[in-house]
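Computed from heavy atoms alone, side chains included, the values below leave out hydrogens, waters and symmetry copies. Lettering of chains follows the sequences in order, A, B, ..., and the numbering in each one begins at 1.
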Amino acid sequence: MSMQFWVVQAFNGLSYGALLFLLGSGLSLIFGVMRIVNLSHGSYFLLGGYVALSVIWTTGSWVLAIPVAALAIAFIGLLMERIFLRPLGFDPLRQVLLTVGFAFLFQQAALDIWSGNNFDITPPAALTRSVEAGGMYFPLYRAFMIATALVIGLGLWLAMEKTRIGAAVRATVDDAQMARGVGIDTSRISMFIFALGAFLAALGGVIGGGFLGVYPGLDFEILPLAFAVVIIGGMGSLGGAAIGALMVGLADNFGKALFPEVSYFTLYAPMALILAIKPTGLFGRE
Amino acid sequence: MSERAMTSNQTKILAVLAALVAVAIVVPNTNSFLILLATRALAFSILVMSLDILLGYTGLASLGQAAYLGVGAYLTAILATKYQFGLGYDFWLVLLFGIMVGGALAAVFGLLAIRASGVYFLMITLALGQCVWGLAYRWNSLTGGDNGINLRQRPKFGAIDLSNEVAFFFLVFVIFCISLGLMYTLVRSPFGRSLAGIRERELRMKILGYNTWLHKYIAFIIAGAFGGLSGVLWAHTAGIVSPINIELTNSVDALLMAVLGGAGTLVGGVIGSFIVFGLREYLSTLVPWWQYVLGIIYVLTILFLPTGLMGIPERIRQRRARNGNAGKPKQLAPAATS
Amino acid sequence: MATDATPNASSESALPALELKGLSKSFGGLHAVRGVTFKLMPGDRKAIIGPNGAGKTTLFNLITGIFPSSSGQVLLYGRDVTAWSSHRRTALGMARTFQVTHLFPKLTVLDNVLLAIKGLRPSKYVMWRFMSSYPDVYEKAHGLLERAQFMDRKDTEVRFLSHGEQRQLEIVLGLASDPKILLLDEPAAGLSSGESVEMSEFLQGLDPKLAILLIEHDMDVVFDVASNISVLHFGEMLESGPAEQIRQSAKVREIYLGTE
Ligand SMILES: Nc1ncnc2c1ncn2[C@@H]1O[C@H](COP(=O)(O)OP(=O)(O)O)[C@@H](O)[C@H]1O
Ligand SMILES: [Mg+2]
């Protein structure tokens, strides 16, 4: 294996990890705050891509598509949490099943609205070029994915560490009951986090659309990867999600390149092992 | 009081037997589309019932049950296409191997999964199911990768050719009935009752002298074995085995069928399976929006019928008996106290 | 194995049924139980008292193996069971009840008792016969339920029972395995004074060979049932002795009885 192989694969893995971070960080926060395993998280990702396509088709603006899609899906997430999940109270299994029911509904709605065709989201021409460095070509779009994840990750981290609402979220992740005891409105925190998670997933969907495409079935294809991120990183931990996303992105790329026959196995088997040994994930708090 | 409980139980058994007889009489006299539909639903409901042993009786929500169907189905397909094995009387051996491979896989996975509970169990079974899916999807030389494996023929027992739909339907039907009988005996047995105790309060069971880990582990293996069995039947029912059979959505389907019919009732899962297969394969030929119906049924069931369709008579009875004094809504399968 | 598991009768009478040696447990920085040393002989009736948070329930959890201990030993009939899991300790003849009711809420009263009886029988693993094909188990369950006057409610789901009935069923479940040691964690908690008296009479009527260790706040129940009392305070065994002596102890009055 040449040096080039390693550099290119690492770069690809890194950029894929960036995408998975957008998807996984929201899932992780939702689990941390509400103990809900949100199985419609992949649907948010896919719907984000579809909404962005519609915006692009009508306005021609890719830049506009990103916030519109993310906000639209955040609103859907918010409604889901308020109207359906909240009234169930604390009943994780029923909540999980409910998110599956919604995933099916979203699947059908997407099929009706956007047909069963495969689409690509074409980013502006400026981002489709490649830059050459040391005899290797790096697609600028992948660099853009990494940059976006870095900016979002940094923003989230600052919000969690420096703002009052961030402190309230952290307190809720640590111990929801205690948080309620000291006067934190955990119901509002849940709503906020659910919407934020949907926002991040949809953002990932738009950006991933220029790279993975947008097609029926992507929702349940990407979902297990998001879980791998959360499990490896630890549930409810932002830094963990970043590390998890990086590891999954790299493992996925190198796995496919080095041992294609068992590549998914090499991804999910460690995930199962980690869960068996430490249920809260590698970097999760007990 | 005890006599009333007894008779209500006997009524239930009679109702199930009557339904089975009706299925055996009605289905073969319909068209080949409906016969195949019923065969699929029956083969898959063995998987759903196996999941119900975990979900409804033990309180463990598994999100990877399709893996056991998958290994049973792949085993059948690989033996049939690569080795021409299992296409005659040796089919019965394949059935046995399917049960064994499902149980063996569960014996390995159970070592990792059984320690966890609640949503953690859900996630770890998801991860384990994805391991099997990943192998099926990628291990081209063995599994045919994305395309899967086509089974070109069904077994023949002398003059009986199972490519005849009615003959095959009866084979699946009989195996289904035996499975139902075995699982029903299991859940009524001392071991089965111990699972219910674990579901209700695991700590008390430990203090009463039960090795609850072992009980859950054994239940997990049994569920896996029945999953493998359903896979063998599924392979010949569908005629093709592919990674789709192990996908997360397939495990999710099984879970929702069990919940729709009523977790902890066995036959509820069968009803759920028939409803979902019916909607999916019959309604979809009539209207394009069939999946909305399915999605809305799921959502409404979870919101308003936590005990599933099988819980309706009980709810009506309770409402009548304790008019106005409505109890708390039941939980599906309360996680063991931490 | 079998001879190993049940020491012969002569040595059994000489050995304490339950012995604790320097048993300690800390949760992080909190020392809930500190160096408790204690003996319970077969047939003994002893009580542990102490204010809320003294570590009484934690002590029971250590004895029954729900938590691993931080240091010290638990011995049952002379055997060191400190590293054993709960179900193996139970098999040596120990049973307990919980301060917070731990029943099977969605099973009937009868099913609760059946599970309790089966707990120590190898047939608990049988999966090819109905539970109802074990008449001896049903007979025994009926006997237990009759003694506790539960026969008329045997088909009621436990979650529909009153608090007092649930407390009583806790004890029935504890007795179902014919234990030689019974640990009772505040059996009278939440009972009316009339119910407490009934509970106390029920406990006094139990087989005199049964060793009982009782945690209780209701001092009437304690003095009726136990001949010997130990006082736990901040996880430490402050004082132990005959009931009368503890009743007179100034120190105990100060920290515990004084608060009444
Ligand atoms: N699982 C646990 N984790 C942390 N602290 C505990 C746990 N169980 C009990 N404690 C603490 O140990 C102390 C003793 O509790 P406990 O044994 O329940 O007291 P008692 O039964 O005497 O009222 C209390 O301060 C309690 O908060
Ligand atoms: Mg206590």
Part of [X] within contact of chain B (heavy atom distance under 4.5 Å):
X: A:Leu88; answer: side chain
X: A:Ile277; answer: backbone
X: A:Ala109; answer: both

Do [X] and [Y] have side chains that approach each other closer than 4.5 Å (heavy atoms only, starting at C-beta)?
X: A:Leu39; Y: B:Leu63; answer: yes
X: B:Arg138; Y: A:Lys256; answer: yes
X: B:Tyr298; Y: A:Leu97; answer: no
X: B:Met123; Y: A:Phe227; answer: yes
X: A:Phe104; Y: B:Val252; answer: yes

For this session: Using the six-membered ring wherever Trp is involved, compare the ring planes of B:Tyr120 and A:Phe31 and label them parallel, tilted or perpendicular (cut-offs 30° and 60°).
Result: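 The arrangement is perpendicular - the two ring planes meet at more than 60°.
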
For this session: State whether the side chain of A:Arg94 and the backbone N or O of B:Pro306 hold a donor-acceptor pair below 3.5 Å, judged by distance alone.
Result: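 Pair absent, no side-chain N/O of A:Arg94 close to backbone of B:Pro306.
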
Do you know the tightest heavy-atom contact between [X] and [Y]?
X: A:Ala272; Y: B:Leu128; result: CB-CD2, 3.4 Å
X: B:Cys131; Y: A:Tyr268; result: SG-C, 3.4 Å
X: B:Tyr292; Y: A:Leu105; result: O-CD2, 3.7 Å

Exercise. Under a 4.5 Å heavy-atom cutoff, which of B:Ile297, B:Leu135, B:Leu255 has the most pairs with chain A?
Worked result: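 Option with the top pair count is B:Leu135.
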
Problem set entry | Interface residue of largest heavy-atom contact number with chain A, from B:Leu256, B:Ile124, B:Leu112, under 4.5 Å |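 Top count of heavy-atom pairs under 4.5 Å with chain A: B:Ile124.
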
Exercise. Contact part of B:Ser141 toward chain A, heavy-atom cut-off under 4.5 Å: side chain, backbone, both or neither?
Worked result: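 Both parts, backbone and side chain.
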
Exercise. Contact part of B:Leu122 toward chain A, heavy-atom cut-off under 4.5 Å: side chain, backbone, both or neither?
Worked result: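 Side chain only.
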
Exercise. More than 12 non-hydrogen atoms from neighbouring residues, nucleotides or ligands closer than 6.0 Å to CH2 on B:Trp139, yes or no?
Worked result: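 For B:Trp139, atom CH2 is not crowded (no more than 12 foreign heavy atoms under 6.0 Å).
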
Problem set entry | Nearest-0.5 Å distance that lies between atom CD in A:Gln107 and atom OG1 in B:Thr249 |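 Answer rounded to 0.5 Å: 7.5 Å.
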
Exercise. Applying side-chain hydrogen bond (donor to acceptor under 3.5 Å, both in side chains), which residue pairs with at least one partner in residues 121-136 of chain B are found, sequence neighbours left out?
Worked result: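 Output for this query is empty, none listed.
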
